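What follows is a single structure, written as structure tokens, with notes after it.
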Amino acid sequence: MLQVNIDGKTYNVNEGSSILEAAGKAHIKIPTLCYEEGLSIYGGCRLCVVEIEGERLLQPACATEIKEGMVIKTHSPKVQEVRRNLFELIIASHDISCKLNCLTCSKNGNCELRQAADIIGINQVRLKSRDKGYSEDRSSYSIIREPNKCITCGRCIRKCEEVQGIGIFTMANRGPATIVTTFEDKGMGNVECTNCGQCIHSCPTGALHEVYHYENVWDVLNDPSKHVVVQTAPAVRVAISEPFGAEPGAVATGQMVAALRRLGFDRVFDTNFTADLTIMEEGTELIERINNGGILPLLTSCSPGWIKFIEHFYPDLLPNISSCKSPQQMFGAVAKTYYAEKNNIPLEDLVVVSVMPCTAKKFEARRPEMEGDVDFVLTTRELARMIKTAGIDMLALEEEEYDNLMGVSSGAADIFGATGGVMEAALRTAYELITGEELEKLDFEMVRGLEGIKVAEIDINGLKVKGGVAHGLGNVRKLMDRIKSGEEFHFIELMACPGGCLGGGGQPIPTNEETRTRRMKAIYEIDKGKKMRKSHENSYVQKLYDDYLGKPGSHRAHELLHTSYTA
Ligand code: HC0
């Protein structure tokens, strides 16, 4: 422990801490823009400068390590003046047509520039905002980049490179002309972007945001000739209440369902229903591959960011990918056949909308292999915006139930939203279907939690089934390299986003270590509270097989629920 004096008070601080960390522990807020927990230190914005006794120059708190006996002033007049000047320079390179009112900006309500302005005490902006004149990058199905709002903090660059292990962004030009761009300025849709949207969580301004579908959804909701059904992904229910002021991890399933009905959706269904269906199909595929000497390990196929990643970086492993469509796409396929036929709804009138925690799901819905299953994909943030725009006080609503037929699901489906959840759900079903015995302990703790890579072995009828789990594409890459170097597994779950879907690029801001942890806890509590906790016990899924699909892995099931990917 080291002793330091911060703003006149003495603190004991862990060796190796930065001034920023030490101040944070002392509940002193120092403004930052280029700093983000979990990323390397850049020290570029300089907004966090502090005064250190005995040093002539101010030092950046994020990049300066605490030394024994340091005397630090975090908000002295000198510090404040320098911060105000620096802030004005940053603002001058940002498109502030919003004048920091953020009326039309995607970061309305959580712009870090606005938050920094509050701490610094900005009451005037003397420099004129420079029109950089860059055009928006609209080349991606999932993400829009507005370079005029970029303040070159470099967080998106570091997130993409250090956490996701890809690196599609780079700085170009020098001095005031510096910008963040993609390789040869090709646009995000034309480089190795996986559409995961983690860069959106890192962007302190509105320079990165999802491609909005909510206006299209308003249009169909307001068209009386359309029958509009909606599905909600497992991880949305534990995050949707955050934009309404609730604590992260507050569960709002019933209120969300009620709000969706008030928005005008004709039926409110659950992606969890097809998550249970996925377990039946993927479980069958796994058992077949094990029994018939098929290609192993079987790799999950539900995270579209991961699918894009394997196509770009490990195309030789594509035969290992499960042929199952993701639950989102299975839902669309079933809605446009089984549901439409059962209810005599002409296909031209039926619109399928998804609410997903994920930006890559927008890309997935447009993939030529399965285009048409799902019409529009809203992120959790977009849904919150629609509910607010309709004047609905969501948290005050009485809870409502999903519609039947495709709205009933098991706890195994709920846990799909957390890293390790698909593996656990599959193990619960595989064990019982193979052995014919009831599984005594349903909780597979060894595949839970936020550790980057998890490995587990379970004995099923004498066969030691080895599973692997990785989340965040940086970890996914490490696990893929282990497979390529010969390590043997039977089944591997891969999710593009840190924490799994609960940390998806479409989730409310902030999405960080704390919110991920709390949403994850909520997901496991939902599962624990359910009576039905295994996918194969879902009677509505069984009915779908009886009425329409035959049995898992049938010809009809393959036509509707399976696909293939090519690099
Ligand atoms: Fe997920 Fe999914 S669990 S990918 O993370 O498998 O987005 O929540 O909807 O499709 O069910 C996301 C979340 C889903 C799908 C499901 C899977």
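Just follow the structure's listing: the first ligand is 1, and inside any ligand the first atom is 1. Worth saying up front: this structure is predicted, and the values here are computed from it rather than measured. Excluded from the calculations below are hydrogen atoms, water molecules and symmetry mates; all remaining heavy atoms, backbone and side chain alike, are included.
- Heavy-atom neighbours of K531 NZ from other residues, nucleotides or ligands within 6.0 Å: at or below the threshold of 12.
- Counting heavy atoms from C-beta on, the side chains of V377 and F363 never come closer than 4.5 Å.
- For K361 and T379, the side-chain atoms include no donor-acceptor pair closer than 3.5 Å.
- For atom 1 (Fe) of ligand 1, protein N/O/S neighbours under 2.8 Å (waters excluded) are C501 SG.
- Using a cut-off of 4.0 Å between Lys/Arg side-chain N and Asp/Glu carboxylate O, K388 and D393 are scored as not salt-bridged.
- Checked by atom type and distance alone, the side chain of N292 never pairs as donor or acceptor with a backbone atom of G294 at under 3.5 Å.
- Remark: side-chain polar atoms of R145 are not paired, donor with acceptor, to backbone N or O of M188 under 3.5 angstrom.
- The distance from ligand 1 to the heavy atoms of A275 drops below 4.0 Å at these ligand atoms: 11 (O).
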